[in-house]
Every structure is written in structure tokens, then in C-alpha cells.
Amino acid sequence: MTIHSESLALALASISPAMLALVGGVLAALALLVIVLLLRGASLRREQAEEASFRAQENEARMAELLKIQAEMQGRIAAMTEVFGARQSELNQTISQRLDGMSQRMSTTITEQTKSTHDNLQRLQERLAVIDAAQNNIQTLAKDVVGLQAILSNKQTRGAFGQSRMETIVADGLPMGAYAFQQTLSNGSRPDCTIRMPNGAPPLVIDAKFPLEAWNAIRDAGSPETGKIAGQQFRRDMEVHIRDISEKYLIQGETQDTAFLFVPSESIFAEIHEHFEPVVQKAHRARIVIVSPSLLMLSIQVIQAVLKDQRMRAQAHLIQGEVAILMDDLSRLDERVRKLQGHFAMAQKDIDMVVTSADKLTKRGARIEALEFEAGGGDAKPARDSEAAAKSVVSRTGLLKLRVVDEE
């Protein structure tokens, strides 16, 4: 401590007076600055105190307002709680009622759905039974198709099949005697069918031998080249068959100058016209008409109509005679009807006269019912009808008076 004091004294002694004056001025300035800062701090504290007091008053006012708002909110919350409670009870009741209704409807719907499902299952079982029966029929049909395929694999049997279809169509459309099968012509050829035309015209020839082998080769072709070769073979076979029909069956004066080539399938007929147009044109030039089952049926119907018209023309004189007899009968019937009408007119006139007489008798009976008999000495009663004329008659016995009242 002594050492420090001595060192401090030595330091002060070493400082010059000017430095001491400067240090004193600085200290004085620092003191003045401290005083000014203390005054400002006191002023700031007073302002802060006043501001704190003002804020405290505002906070108290706000607190009071918040308390008031809280009280109002509590009242509103209480009211809303009551309303919500009432609404909740109503909502619970409504929900309960709706749940009951929905439960009932769901129960009814489930019952109906169960019944509908049962009915649908029953109908499904019936349809399955029908499908099973149809499947059995399809299996049977498949067996028949296999048998038909086996039949068509043989050329002679296949020709018999096409001829059978043609004969069925002709026999169903024409009467007996209007056609013939396998009839021999003058050149020794035997067409499949000849149809007799009306008015002594030559018969129409129908051929049912269709070259189906080449067509099946087209169907069974596995490549375009094979199909092209099979198509060429089918075209050649068709041209040869058309030439044979033209040479064998078209005989001048014995048959028609047109013959039918029957194709036993509509699909084959369509394919020929679509992909083998030159064959069709060549057949037309050779007066050979390629017909399908539907076209043959239509042609047969036309021929049947022509035959029917021819038969009607052959029987025209008989029809005219019958019409003349019918007109005579109609004339006699008209005369007799007119006579009967005259009798009815006379009878009606007599009936009218009888009705007139009956009306007169009825009126006279009514007048007799209106007669009034009065004893003598009494005065006559006044007439009920002011327009009726009263007549008095005195009898010979003296006192009986009779008054007659004319009524319409």
C-alpha cells in the first residue's frame, strides 16, 4: 500500500501543470456530462412513469371493457348453449326418426332385394337349363355337321346333296306335272330338272352339278400362291361346266335358249359374283344363269304365277259362262227383292191404317170415360175445361141429364 502511494505521488510529481489543467477540464466536463445525463434520466423516468400511469389507466379501461365483453359473451354462450341443447335434442330426435325410417326402408329393400335375387337366381337356373339344352342341341348339330362334311367329301354324294336341295325347291313351288327330274333329251343327255313352260313353250333346264372340289381347295389354301392356283383351277372348272351345259342342254326348239346353273349355297354364290366376275360374264354370254337357292325359289314363284295365269286364261270361257249365269241369278234376285219391297210397302200402309183406327178407338174410349151422369133436380157442375163445349140432353123419363164433354 505504501509502495503504491509513493509510486502515485511520483507519477503526479512528474506530470506538468498544463497536463493537470487539461485533466481538470476533462473531469469538469465529465462531471457536467454526468449531471446532464442524470437530469435527462430523471426526466425520462418521469415521462416513463407518466406513460406507465396512462397505460395502466388504458389497461384498466380495456380490462373493464374486456370484463364487460366477457360477461356478455358468457350470457351469449349460455343462450347459445341452451339453443344448441334444444337443437341437439331435436337433431337427436330427427336422426333417431330418420334412422328408424332408414332401418325400416333398408329392411324392406333388403327383403325385396332378397326376393328379387331369388327370382333372378330362379330365372338364371331356368336359362341355364335352356342353355344346357341348347348346348346338347349344338353338340347334336356338330355331329350332324361332321356327318354332312363326310357326305360332302364324296363327289357323287355331294352332287346328290345339291340336286336334293334343287328338287326340294322345285317340288315345293310347282304343282305335279309341271316339272320332271332326270328326263332324257333327244341327244341322250339327262339334265337334273326340266320345267314345263306354258303355251307350249320348250322346257327350262336346271343343272345342279356344281364343281365344289376347286372351291374347297380355295378355302383350304394356306398361302396366297396356293389360293391363286386354286382360284385358277376353279375358274377353269366353271368354264368347262358352263360349256358342257351349253352344248348338252341348250337344244334349239327342244329346250329354252337359257339354262340355270344351281349353286347350293348363298355364300358361294356371293363369292363367285364378287371375285370371279369373268366367269359370270362368260356364263351370261353362253345363256347360262347362275342361281342361288333364293334366286331359284324366286324364279319358281314367277313360273308358278305364269302357269296360274295360263290356266286361268284356258278356263276363261268357263269363267265367262259362270259370270253370265251369275248375272241372271242376280237379275232374278233383284226382281224378287223389288216385289218383296212392294209387299212390305203395302203391309206398312195397312199397318198405318190399323194404327190410325186404334188411335181413334183410344180417343173415343177416353171420351166415354169422361162422361158424367147427374140425378134430376140438381144443378149441373161447371165444366172443368173452359174451352170444352157442354151439351145437355133430357131423357124421356124426365130427370136424367147427360152432359157430353168433347176432349181432344
Side-chain angles (χ1 to χ4, degrees), residues 137-138 141-142 144-145 147-149 151-153 155-183 191-198 201-219 231 234-235 237-242 244-246 248-250 255-311:
N137 293 331
I138 290 172
L141 182 61
D144 295 338
V145 170
L148 180 61
Q149 185 177 4
I151 291 173
L152 294 178
S153 61
K155 182 176 180 180
Q156 295 180 353
T157 308
R158 183 173 62 252
F161 172 73
Q163 184 175 356
S164 175
R165 291 199 65 184
M166 181 270 297
E167 290 179 357
T168 302
I169 294 173
V170 173
D172 290 340
L174 294 177
M176 292 296 296
Y179 57 89
F181 299 122
Q182 302 296 328
Q183 184 180 8
D192 296 325
C193 178
T194 54
I195 298 177
R196 295 181 178 88
M197 303 301 289
L204 176 67
V205 176
I206 301 176
D207 182 85
K209 300 178 183 67
F210 177 74
L212 196 59
E213 294 84 0
W215 182 261
N216 290 330
I218 295 174
R219 291 296 187 185
F234 175 75
R235 186 181 297 108
D237 291 345
M238 284 291 295
E239 292 176 354
V240 170
H241 191 56
I242 290 170
D244 291 341
I245 294 174
S246 177
K248 293 180 180 179
Y249 301 149
L250 299 183
T255 61
Q256 291 286 331
D257 57 355
T258 300
F260 285 174
L261 172 58
F262 178 70
V263 178
S265 174
E266 299 287 344
S267 61
I268 298 176
F269 176 79
E271 290 287 339
I272 291 173
H273 279 74
E274 183 176 358
H275 298 98
F276 297 95
E277 183 66 23
V279 175
V280 178
Q281 295 298 329
K282 186 172 182 178
H284 286 176
R285 289 192 296 271
R287 296 185 180 276
I288 307 298
V289 179
I290 302 174
V291 294
S292 64
S294 60
L295 287 178
L296 180 61
M297 188 179 300
L298 179 61
S299 302
I300 293 300
Q301 290 176 357
V302 173
I303 294 172
Q304 182 182 10
V306 173
L307 291 174
K308 183 177 180 181
D309 183 68
Q310 190 267 339
R311 288 196 301 270

remark   = Between Arg165 and Pro264, the two heavy atoms sitting closest are NH1-O, 2.6 Å

key: For Ser292 against Glu266, the heavy-atom pair lying closest together   = OG-OE1, 3.1 Å

ask   = Rounded to the nearest 0.5 Å, how far apart are CG of Leu296 and CZ of Phe269?
value = 11.0 Å

message = Closer than 3.5 angstrom, by distance alone: can the side chain of His241 be matched with the main-chain N or O of Lys209 as a donor-acceptor pair?
response = yes

request  = Write down the atom of Gly177, the atom of Arg196, and the distance for their closest heavy-atom approach.
outcome  = O-NH1, 2.9 Å

query = Please walk me through it: do Tyr249 and Thr255 pass side chain to side chain contact (heavy atoms under 4.5 Å, CB included)?
reply = CA-CA 7 Å; Tyr249 301 149; Thr255 61; 5.7 Å; no

request  = To the nearest 0.5 angstrom, please state how far the CD1 atom of Ile290 sits from the CZ atom of Phe262.
outcome  = 13.0 Å

request  = Any chance you could lay out the side chain to side chain contact (heavy atoms under 4.5 Å, CB included) test for Asp172 and Ile300, step after step, and finish with the verdict?
outcome  = CA-CA 9 Å; Asp172 290 340; Ile300 293 300; over 6 Å; no

request  = Would you confirm whether Gln256, through its side chain, and Pro202, through its main-chain N or O, come within 3.5 Å as a donor-acceptor pair?
outcome  = yes

request  = Starting at CD of Glu167, measure out to CD1 of Ile169 and round the result to the nearest 0.5 Å.
outcome  = 11.0 Å

query = Does Arg287 use its side chain to pair, donor to acceptor, with the backbone of Ser246 at less than 3.5 Å?
reply = no

query = Got a second to check how far Leu204's CG is from Tyr179's OH, nearest 0.5 Å?
reply = 15.0 Å

key: Gap between atom CD1 of Ile206 and atom OG1 of Thr194 - 0.5 Å precision   = 8.5 Å

key: Minimum-distance pair of heavy atoms, taken over all atoms of Gly231 and Phe276   = O-CE2, 3.7 Å

ask   = Would you call Asp207 and Asp244 a side-chain contact if the rule is heavy atoms closer than 4.5 Å?
value = no

key: Taking every non-hydrogen atom, the tightest pair across Val279 and Arg235   = CG2-CG, 3.5 Å

query = Between Leu250 and Ile288, does a side chain to side chain contact (heavy atoms under 4.5 Å, CB included) hold up when you go through it step by step?
reply = CA-CA 9 Å; Leu250 299 183; Ile288 307 298; 4.1 Å; yes

remark   = Rounded to the nearest 0.5 angstrom, the CD1-CD distance for Ile272 and Glu277 is 11.5 Å

Closest contact, heavy atoms only, Cys193 versus Met166 = CB-SD, 3.6 Å

